[in-house]
Structure formats: C-alpha cells, structure tokens
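Here's the structure we're looking at; comments come further down.
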Amino acid sequence: MKQPAIIVEGVSKVYKLRANRNLFFKFFANQHKSKAPLEIQALTDVSFSLDQGDVLGVIGGNGDGKSTLLKILSQVTFPSAGKVSLTGRVSSLLEIGTGFHSDLNGIDNIFINGTLLGMSKKEVEARLEEIVEFSGIGDLIHLPVKTYSSGMTMRLGFSVAAHLDSEILLLDEVFAVGDLDFQAKAISKIETLFKRGKTIVYVSHDIQSIRRLCTKCLILEKGRVKRIGEVDQIVNEYLQNNRPMV
Amino acid sequence: MNTKKEEQWDLIIKPRAPFFSLNLQELWQYRDLLLLMVKRDVTTVYKQTVLGPLWFFLQPVLTTIIFTIVFSEIAKLPTGKPPAVLFYLSGLIVWNFFSETLLNTSKTFTENAAVFGKVYFPRLIIPLAKTISGFLKFFIQLGLFLLVLSFFHLFRGLPYTFNAALFFLPVLFVFMSLLGLGAGIILSSLTTKYRDLVFLIAFGVQLLMYATPVIIPLADVPDQYLWIMKLNPMTSIIETFRYAFIDAGSFDLLGLSYSAGFALFLLFLGMVIFNRVEKTFIDTV
C-alpha cells in the first residue's frame, strides 16, 4: 500500500505588484495612462497528489506557473489560497550553489551549502569525500571558490545537491552543468537518485528527460492543471498538441 | 485521497502565517547552519584586508584616542573619576556592539534576497548569526578593554574598584544582544517596504549615540535633557558596565528593568513583524 507523500489542494497564487511610491515619480508621471496590471495570477486552483516514490515531471510554457509551483512546495513563497501537505524531509534545488561565498574555500562552501539545503553537519561530513570526488575539483577544493571557473563552481554545487538524502526532492532543471563529460556523469547520478524511491517533483522543458526519468507528468497551462497522469500518455498528448515549429 | 489527519503530516503549507510563531524545534534542527554562518561571518569580514583581525582592535582604539583628544583634552568634557581613556573605551565597545548588531541584522532581507528566493530555512538564522558573530567580536574587544584596564591598575596606580555589579554582566550581555537583535529585525522587515530606511538607519544609529552616556557621564547631563538619555534602553546598560569595572556610571535597578522590559518588548514585536515579512518578502522584492 503506497503512502501519500505530497497532497496539493486548491493552491492559487496571486502576485501583487506595488505601484511606484517615489514621491517625485508620482508627481511627474501621469499614472492614469498606465495600463500595467496590479496583480498577476500565477496559479489557479492547482490540485494533485503524489505517493511516496512517485516522480512527477512538470511541463508547460514560460509563465505557466511551473516555477511558482516549485517555490510554493519548497516554502520559498506562500500560496494565496489552498493547502499543501508533505511527509518526509524536503530539499529543494531551485538553483545550484545557493549561498556560495566566494572568499571561502570549496570545503567550507560544501558545508554551508549542504546545511542550507537541510543536511546536518554530520551528514555533510559523512559524504564529504564522495562530494569532493564527484565534483572532480581535486586539490583546488582547498582554494577559495572565487578562483574556480564558473563551470567548476556549478559542478561543486551539483555535487552537494546530488548527495542530499531527503525523502522529497524538488528540482528545477539542474542538469545542464559542466562540460559534456560531467553532464553525462550528472545525468546518471540523477537517474540513480530518481530510482532510489524518493518522491520527486521535477520541472523541465526537456521532454526527453521527463519521459525517461518520471513516472507521472503534469501539464500546467496559464496557471491551471491542464492534464495529469501517467508519463507516456501525457507526454505523447503534449507533443501532438505542441509540435515544434521547424 | 486525504486519508491522513493534519498531525500526521510533517509539514502543512497554508497561506496565512500565524500571528506569532517561534519554531524553536526547527531552529534547533538548523543549528549547524547557524554555527557555520557565524563562522563565515567572523572569518570573511576581514579577508582581503592587510591587517586582518587587527581591525577588531584598531577601530575602538582609534575612536578612543580621537574621543580622548577631542572631548576630554580639547573640549574639557568631564569623564568622572576614571581616566578618560577607560571611560570612552568602555562606553564605545558596548555601544559599538549594539549599533553593529542593529545595522547588520537590519540588512537581513536586503542582503539575502537571492538566497531567500531559492531555498527555505528559518530566516531567523541570519540575524541570529549576525548577533552571535557580533558578540564574539565584542568579547574580543572586552579582552582589549581588560588589558588596558589592568595596565592602569598596575602601572598608573588606579585603585581596584570591582564590585558585585560584575555578576550582572551576563544579564547585561543578554539584554544588549536582544536590544540590537530586536531593533534590527524590526528595521529589516520595514526596509523591505520602505527602502528609505536603509539611509535613515545608517546615520540614525550614529546620532543615537549622543543619547547615551558614551561621551558624557549621566551624572553630568543637565536635568532638562536627562529624560532623553534615560529613555534610551542602552543608557543603563552602559552605566552598569562602567559601574562594574571602573567606578564610574551608576547602578540603577529601575533603569536596568526598563532596559530589560524594552528588550523583551522589541524582541516580541520584532518576531511578529519578521514572521509576517519572511512569508511575503520574496513576492515584493
């Protein structure tokens, strides 16, 4: 019997925009002419549920609410209405290398980044060797991160992220890092993560990776759930409706 | 679908934040992050500088020298029984701790917007780390003060005047930390809405120093201005600090209780506002 891991019920999100309050600006600009909206409805009544071990791929165009959904699940922003219930430790990867400090060396940054993502210091210590090894940064790990190339920084960030052991992972297209060799390594690492029985929500534009990695698929359109179901069926429908313009 | 009761979930995300919530259990879970942040703050402040940790000492030493020359030697302002150097140095390290804690914690949201937008952790970790790293710096400066103090005792014949008020020091330290932290998180929350405050805070804190006995002993303040000094919750803390070490200042239980009450009130108010803002901040950057 599968246990529910995530239940999303009627979640909506409205971003309220603030008018410019600069006194001088108000005086000079004729605000009646402005047609800019004061609200953006990013999500409308989104509901779905995931069991433990489900891997959900979320697809949709730009501005359809994918990132907002991930941000709500990871508590970075809060829903305007609705409710989300989660079981298990949640780690969200909306960005790689969050909180890296350029003056600190690789090791220090692994610790800060790992604890930011919800690991304890002990857990980071236990995986430290593996993380350094996987990043392929070698002895440079003892130098400040500002001496790294941007690709190396990304690889280090990815390595920390790939060694998270939370029950729920929220991922926002984090694969395209490093050179080709590292990308291949990263993808196989992610695949083993995906197959370890974790509950994963994965946002991506890459339909192929969704088809390969996910068990379920959700299509967002203008902030609403358009379709949700088994991955093959949904992806096929999606591809038929959105033929790439060649 | 919804077979579980609310208590069975580890986490429920809902729109409205409760009026006051202090999730100590969660803070405890992130204690490693707190310690690493403190370490980061302490080790990176003076990186890239030539003098490095010497800056911990240079700043109070130089200010004390200037104050002694300008206020004591030239303007002939009284400093009571103790030597002017000790009088200014004692006031300055306490005041600097407060003002720096306030300044640093007031930047919580503006400086960490990028991280806050990408990952969740109890936001309170950031101002707490700033307060603790500030306190470590204060502790080092306290060592400097004690060194200078023993110099005066040993070589300048300054009589030993330690007294029971020393036992109050831990209490003083707690309340001056809470004052800085409380005021800082209130301001950090308000700056997300009113950016003007960024400019106001920076020199406001400098001006506020003149409403403390850092430069003029409370005993020498004319009656018509005394109430302003007494309204400042840092006043009785600086007074007690001096009273304990250098036979200056005063020991006023009523004043201390006022500071304690003020600190707890600021902290409570700060938590309420901070709690609200941390949930909405990312949407309004």
Practice prompt. With rounding to the nearest 0.5 Å, note down the distance linking CD1 in B:I13 to CG in A:L73.
Written response: 6.0 Å

Worksheet item: Is the NZ atom of A:K222 crowded by more than 12 outside heavy atoms at less than 6.0 Å?
Response: no

Discussion item. Between A:D103 and chain B, with a heavy-atom cut-off of 4.5 Å, which part of the residue counts as in contact: side chain, backbone, both or neither?
Written reply: both

Discussion item. What part of A:L70 gets within 4.5 angstrom of chain B, counting heavy atoms only: side chain, backbone, both, or neither?
Written reply: neither

Fill in: Under 4.5 Å from a heavy atom of chain B, the part of A:S120 involved
both

Worksheet, complete the sentence: If one checks every heavy atom of A:K121 against chain B at 4.5 Å, the contacting part turns out to be both

Discussion item. A side-chain contact here means heavy atoms from C-beta on lying under 4.5 Å apart; do A:K16 and B:D283 qualify?
Written reply: no

Discussion item. How close do A:F78 and B:P15 get, counting heavy atoms only, and between which atoms?
Written reply: CB-O, 4.2 Å

Worksheet item: Are B:D32 and A:K122 ion-paired here, with the side-chain N under 4.0 Å from a carboxylate O?
Response: no

Worksheet item: Say you draw a straight line from CG of B:L11 to CD of A:Q75; how long is it, rounded to the nearest 0.5 Å?
Response: 4.5 Å

Item to complete: Flag the pair A:I112 / B:K39 as yes when at least one side-chain heavy-atom distance between them is below 4.5 Å, and no otherwise.
Response: no

Item to complete: Give a yes or no on this: more than 12 heavy atoms of other residues, nucleotides or ligands lie within 6.0 Å of atom CZ of A:R89.
Response: yes

Practice prompt. Identify, with sequence neighbours excluded, every residue that meets ring pair (Phe, Tyr, Trp, His ring centres under 6.0 Å) alongside A:H101.
Written response: none

Item to complete: Please flag which part of A:Y15 lies under 4.5 Å from any non-hydrogen atom of chain B: side chain, backbone, both or neither.
Response: side chain

Discussion item. As an exercise: rank A:V90, A:T98, A:L86 by heavy-atom pairs under 4.5 Å with chain B and give me the winner.
Written reply: A:L86

Worksheet entry | Any B:D10 side-chain heavy atom under 4.5 Å of A:E167 side chain | no

Worksheet entry | Value rounded to 0.5 Å, distance of CZ in B:R40 from CG in A:L104 | 7.5 Å

Worksheet item: Taking only heavy atoms into account, what residues of residues 115-129 of chain B are found under 4.5 Å from chain A?
Response: B:V115, B:F116, B:G117, B:K118, B:V119, B:Y120, B:F121, B:R123

Practice prompt. Identify the heavy atoms of A:S85 and B:W9 that sit nearest to each other, and give their distance.
Written response: CB-CD2, 3.4 Å

